[in-house]
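The next block holds one structure in the form of structure tokens; read it before the comments.
Proteins get letters first, then strands, A, B, ... in listed order; numbering begins at 1 in each.
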Amino acid sequence: MNLEKILYEKFSYTQFRNGQREIIESVLNGTDTIALLPTGTGKSLCYQLPGYLVDGCVLIISPLLSLMQDQVEQLRAKGEKRVVAINSFLSFEEKKQVLRNIRYYKFIYISPEMLHNEGIKKILQSLTISLLVVDEAHCISQWGYDFRPDYLEIGTVRKQLGSPVTLALTATARQEVRDDIKRFLKLEMVNEIIFSSDRPNIAYMVQRVNGYEEKRTTLLSLVKQLQGPGIIYFSSKKLADEWAKLLNEATSYNVGAYHAGLDMEQRILLQQQFLFNELDIMCATSAFGMGINKENVRFVIHFHPPVDIESYLQEIGRAGRDGEKSIAILLYSPDDIHLQMQLMEGELPNSLQIEYFGQYMLQAKVTINNKEQSSMDTFLQQPLDGFSEVQWRLLRKFYLSSRDENTFKTSIQHFIEKRKQWKQIKLQEMNQWIISSGCRRENMLHYFNEEKNIDVLNCCDHCGITMEIYQKVHSIKKERLKLNWQERLQEIFAISLD
DNA sequence: CGAGCTACACCTAAGTGTAGCTCGGTGCCTTAGT
């Protein structure tokens, strides 16, 4: 079978990028595969192309609605009509319609939460699924334990769907994350195809400051100097908003703010504006980035350090997808670690909340007995005041799977303790990377169990960086005029021409 | 931890200082009634 022929016919490419062929051959061989490819090297092709060579459909589990919509549109733009995303964007009527005609589709995108739905599972069971894809598979390990528990159930559903050939795709996964992927997808024999996570065109720099004031002035002067476009990450929505406003006034850049506090419509608009160069800088929280395929991001600045090295690599990986020189700058103040510690602290229920929840459920039981048929679910549905959704869901999960009040308390406390410990270790490792001496790239690669094999000219602040490379050469307005006709057309119609 | 808000003391009244509190990140999914 001629893979190149299909590559050209369906995707108009003449050759594969590094790694794609190997992954495609692996899944076509019927082998469950975990593939680790650096960001922006064409992961989606690795399941889209095999789709055309198998009889059944390809079921893709994707973490974000916007990511699904994006992929659906891309496939449709290539002329593929048999593609759909089953999610809450569909109205009740649309969803019924789609499910009735489910056999018609070649590529079906779905969230882990939807996959868990009994009705949908039944319908999927009637299908021939030739390939099951878990996109951004590190989410299993990163989110499954507390934030999005349905991620841990994918393996169970996978078995119920008849254990189709499975492909897990990600850009960042240490061995322990890959082990989690294997375990929670219930994979036995796995082909691991691993490519280096290094991005040699991104220079690393940590700028040490003392306290908030110095951080402010440092950020402002950096942004004034640096060549855009760029992303600035904050650990608070409020700061992202404030800085977008401030930078709009203080610089010639057009600056937007992106975080989960905005409604979906606004978020999509902001993403598009950034993509089509109407916005030069995005002040964002960690909500921004996954699935942003902007080629020319020149810098990523972190106002606060992220919670672990994986997140850091993911976030800076949004720079320099075009292969051009880009820089990742982290502003570090020694007290930064406490903010992250506190976020972690508040994420999981504390012992007082566990106690309170236990009492509440004891009372609920009394009420249920009196009313006979009334179900426990009504009490567990809505979080009480003072509980976050994540806390409540975790409490509910442990409560429903425990024999009695005592096993509930001990098991959830044990879980929380272990989870916190784990997160603290990850945070410490992030901190260690920041304060350690020696080559930052080497230290980063070392964390992912890799060696630094090549000499990088502008590697990191410890090896030496020529800052001028990353500085602004022209004003933005001049840049705009220099666009060629394709780029100007692209700006006007906000479309992609490739 | 630390920024930022609120309440309150001070007591010619008004505006200021401060103690004490809260909050701080990621995303799916909600199947109602004329």
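- The phosphate of B:dT30 has neither OP1 nor OP2 within less than 4.0 Å of any side-chain N or O from A:S88.
- Contact annotation: A:R148 does not reach the phosphate of B:dG25 (side-chain N/O to OP1 or OP2, under 4.0 Å).
- Against the 90° criterion about 0, the sugar-base torsion of B:dT6 places it in the anti range.
- Residue A:K215 places none of its side-chain N or O atoms closer than 4.0 Å to OP1 or OP2 of B:dG2.
- Between A:K182 and A:D179 there is a salt bridge, since at least one side-chain N of the basic residue sits less than 4.0 Å from a carboxylate O of the acidic one.
- No engagement by A:H116 is indicated, since no non-hydrogen atom pair under 4.0 Å with the nucleic acid exists.
- Proximity of A:K420 to A:E345: side-chain heavy atoms (C-beta onward) are separated by under 4.5 Å at one or more points.
- An OP1 or OP2 oxygen of B:dG25 is reached within less than 4.0 angstrom by no side-chain nitrogen or oxygen of A:S235.
- A:R174 has a carboxylate O that lies under 4.0 Å from a charged side-chain N of A:E429, or vice versa, which qualifies the two as a salt bridge.
- The pair A:E176-A:K426 meets the salt-bridge criterion, since a charged nitrogen lies less than 4.0 angstrom from a carboxylate oxygen.
- Look at A:W143 and the base of B:dT26; the rings do not stack under the cut-offs of 5.5 Å between centres and 30° between planes.
- Nucleotide B:dT26: unpaired (no Watson-Crick or G-U wobble partner with both distances less than 3.5 Å).
- With a cut-off of 3.5 Å on both pairing distances, the Watson-Crick or G-U wobble partner of B:dG15 is B:dC10.
- Comparing A:A287 and A:F89 by the nucleotide of DNA chain B whose heavy atom lies nearest to each, the residue mapping closer to the 5' end is A:A287.
- Distances were taken from every side-chain heavy atom of A:R267 (C-beta onward) to each of B:dA3, B:dG27, B:dG25; the shortest belongs to B:dG27.
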